[in-house]
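Here is the structure we will look at.
One is the number of the first residue; the rest follow in order along the sequence. Since we're looking at a predicted model, the values are computed, not measured.
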Amino acid sequence: MAKQQTEVEELYDEAVKHIMGPMRSYWLNHSFVRGLQWLKWNSAITRLAEQPEDRDRIQAVFNKIRANQRTIIANLTQRELAFEITPTGPDDESTRAARLGEAILRDLHRSQRWEVIREEHMSATCKGGTGALLVEIDPDTKLPNVKPLSLAEFIVEPGSRNAETARWLIKIEALPPKAVQAMFNLRKEPPPDAHSGLAPFQHRMLHQSWGANNSTLPALTKVLTYYERPMGKKKGGFQVIIDNKVVQRGDWPYPFTDRLPIAVSRETVEENQWWGTTYLDDVRKVQVILNGIWSGIAEHAKELGTIRALFPASAEPYVEEMTDKPGFQPWPDGVDIPEYLEQPKLENWYESVLDRASMMIDDIMGVHDVSRGLAPPNIESGSGLSILAEKDASPTGRLIRETARCWQEVGTMCLQVYEKTQKKERTITVDAGYGPERFPHKGSDLSKEFEVNIPVDEIEPRSRIGMIQQADKMLQMGLIQSPA
């Protein structure tokens, strides 16, 4: 007999129906980036499924997507995050509180490896069109903890246009049963029920390497964490659901009530929706064509790659006596000399389709020679390369600004949590302008109101050649002086 679902599980099952399209795109894009590209979407079970394998045919994968995706992520994360806090007033106390806030964010940035989280967040945004940063409170240290989430790992109330101001949020995790038992002090080990909603192909995609034959799946337990912010007469709170049971519940743990503890980024904005779309949806179609053409070429090479010779049937005894020793070979008079069979050649137009498909993928993803560090022909000046690099980075520029906005909100939420939870003195290093200074502080030393900002100029990719040219021009104009 099936266990009765909790109210949170019913909310989750109903909400997933509203994002089935974006969820389908995420799983397909995730598979394509990993190189699993001979697949289809089974509409009957709403799951991914592999194409039937024909051992007599070649299913080649020329993974252009992954190569370009690495270039895009490298450009997006070329420069580290830099936080600035505007003082709330001109007095020394406000300035000190602002500098303390910057030092706290730098400390969290270093200790929690925010640059790694930033890369995971951008990767999830590119794959599913939507990615999120969730701020949670560590149960032991009470420090804010940032987690990156893909579209498959969180959901908000359907109908919300803004995910941050939705009424509730559900985080979905799949953890080892023993870890779940230890985290929530459960009497017995929970069942491994995290695979119940996945198709066999998704099992292999998530838990096996490409080409691996190991079919053993790790035991994982589904954990749902529900956050509801206070609205009207409802006080809000949180719940943790494991195995159709509420194992933990509590009051709203955050100092803010006007939003959820999440910042959501969208690769391409979708009107009237809290989720977005991504360029990978268009790239997949071209990638399928590219794989089909390469598979045809591979089959052509397999069948016709061996050189064959033609000779008359009457000369067969002489052919059998041939050896690979250098020298002369006797041949009967009046019998045609053997000749090689000329293999059929690919037409030029067929080969040109490969180049066109590759160029189309590059155009959709915004990756060209300049993105890869290669200089286009006939352009040698630093100014020309700088202009091309700036234009080439325009597709990724919006995503940089979008994720910067998320990190600004994350920084604000982290300081608000820090100000509320850190009651004991902690020592931190603050740059006071004349060198680093270490001094003890409490969360109450922070200002009640502050504005966290990430200057876009500090995180956008820069052309080193362009910076050198600009400095040289400023030197010639007398705006700067050469160091002695």
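For the pair Gln408 (side chain) and Ile454 (backbone), a donor-acceptor distance under 3.5 Å is present. Judged purely by atom type and a 3.5 angstrom limit, Trp38 uses its side chain to pair as donor or acceptor with the backbone of Ala60. A distance-only check finds no donor-acceptor pair linking the side chain of Arg110 to the backbone of Leu105 [under 3.5 Å]. Counting only distance, with no hydrogens or angles, the side chain of Glu419 and the backbone of Cys414 share no donor-acceptor pair below 3.5 Å. At distances below 3.5 Å, not a single donor-acceptor pair connects side-chain atoms of Ser358 with backbone N or O atoms of Asp355. In this structure, the side chain of Thr130 engages the main chain of Gly276 through a donor-acceptor pair within 3.5 Å. Judged by distance alone, the side chain of Thr278 and the main-chain N or O of Cys126 form a donor-acceptor pair under 3.5 Å.
Note that CG of Leu134 and OH of Tyr227 are 5.5 Å apart. Values are rounded to the nearest 0.5 Å. Here the CG atom belonging to Leu186 is positioned 9.5 Å from the CG atom belonging to Asp243, to the nearest 0.5 angstrom. Atom-to-atom distance recorded for Leu28:CG and Asp281:CG is 8.5 Å, nearest 0.5 angstrom. Distance check: Ser123 OG to Arg70 CZ gives 12.5 Å after rounding to the nearest 0.5 Å. In this structure, the separation between OG on Ser25 and CG on Leu151 is 9.0 Å, given to the nearest 0.5 Å. Put simply, CH2 on Trp274 and CD1 on Ile155 are 5.5 Å apart, with the number rounded to the nearest 0.5 Å.
Heavy-atom minimum distance, Pro190 versus Ile242: CB-CG2, 3.9 Å. Leu220 approaches Pro176 most closely through the heavy-atom pair CD2-N, 3.7 Å. Between Thr125 and Ser265, the closest heavy-atom pair is OG1-OG, 2.9 Å. Shown here for Val156 and Ala166, the closest heavy-atom pair between the two residues is CB-CB, 4.0 Å. Gln69 approaches Leu280 most closely through the heavy-atom pair OE1-CD2, 4.5 Å. Across Ala98 and Thr86, no two heavy atoms sit closer than the pair CB-C, 4.5 Å.
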Inset, instruction - Assess whether side chain to side chain contact (heavy atoms under 4.5 Å, CB included) is satisfied between Ile170 and Thr225, documenting all intermediate values. - result: CA-CA 6 Å; Ile170 298 177; Thr225 306; over 6 Å; no
Inset, instruction - Kindly indicate, with the supporting measurements, whether the criterion side chain to side chain contact (heavy atoms under 4.5 Å, CB included) is fulfilled by Leu399 and Thr403. - result: CA-CA 6 Å; Leu399 187 55; Thr403 53; 4.1 Å; yes
Legend entry - Trace of the side chain to side chain contact (heavy atoms under 4.5 Å, CB included) decision for Leu446 with Leu415: CA-CA 8 Å; Leu446 287 169; Leu415 290 181; 4.2 Å; yes
Inset, instruction - Show your reasoning for whether side-chain hydrogen bond (donor to acceptor under 3.5 Å, both in side chains) applies to Thr6 and Glu9. - result: CA-CA 5 Å; Thr6 62; Glu9 289 173 314; 3.2 Å; yes
Inset, instruction - Check the pair Ile117, Trp407 against side chain to side chain contact (heavy atoms under 4.5 Å, CB included), reporting the backbone distance first and the verdict last. - result: CA-CA 11 Å; Ile117 296 175; Trp407 281 104; 4.0 Å; yes
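Under the 4.5 Å side-chain criterion, counting only non-hydrogen atoms from C-beta, Leu133 is not in contact with Leu149. A 4.5 Å side-chain heavy-atom check between Asn162 and Thr165 finds at least one atom pair inside the cut-off.
Residue Asp258 places its CG atom among more than 12 non-hydrogen atoms of other residues, nucleotides or ligands, all under 6.0 Å distant. Within a 6.0 Å sphere centred on CD of Glu157, heavy atoms belonging to other residues, nucleotides or ligands number more than 12.
A salt bridge links Arg167 and Glu228; the closest N-O separation between the charged side-chain nitrogens and carboxylate oxygens is under 4.0 Å. The existence of a salt bridge linking Asp362 and Lys64 is confirmed by a sub-4.0 Å separation between a basic side-chain nitrogen and an acidic carboxylate oxygen. Salt-bridge formation is detected for the pair Lys171/Glu136: a Lys NZ or Arg NE/NH1/NH2 atom is positioned less than 4.0 Å from an Asp or Glu carboxylate oxygen. For Arg113 and Glu120, the salt-bridge test fails: no basic side-chain N is under 4.0 Å from an acidic carboxylate O.
His109 and Glu115 form a side-chain donor-acceptor contact under 3.5 Å, judged by distance and modelled atom types alone. Looking only at atom types and distance, the side chain of Gln37 has a donor-acceptor partner in the side chain of Asn291 under 3.5 Å away. No hydrogens or angles considered: nothing links the side chains of Asn244 and Gln5 as a donor-acceptor pair under 3.5 Å. Using modelled atom types, one finds no donor on one side chain facing an acceptor on the other under 3.5 Å when comparing Tyr418 with Gln416. No hydrogens or angles considered: nothing links the side chains of Glu409 and Thr412 as a donor-acceptor pair under 3.5 Å.
The only member of Trp252, Tyr254, Trp168 that meets side chain to side chain contact (heavy atoms under 4.5 Å, CB included) when paired with Arg229 is Trp252. Among Leu39, Asn63, Val61, Val283, the single residue meeting the side chain to side chain contact (heavy atoms under 4.5 Å, CB included) criterion with Phe32 is Leu39.
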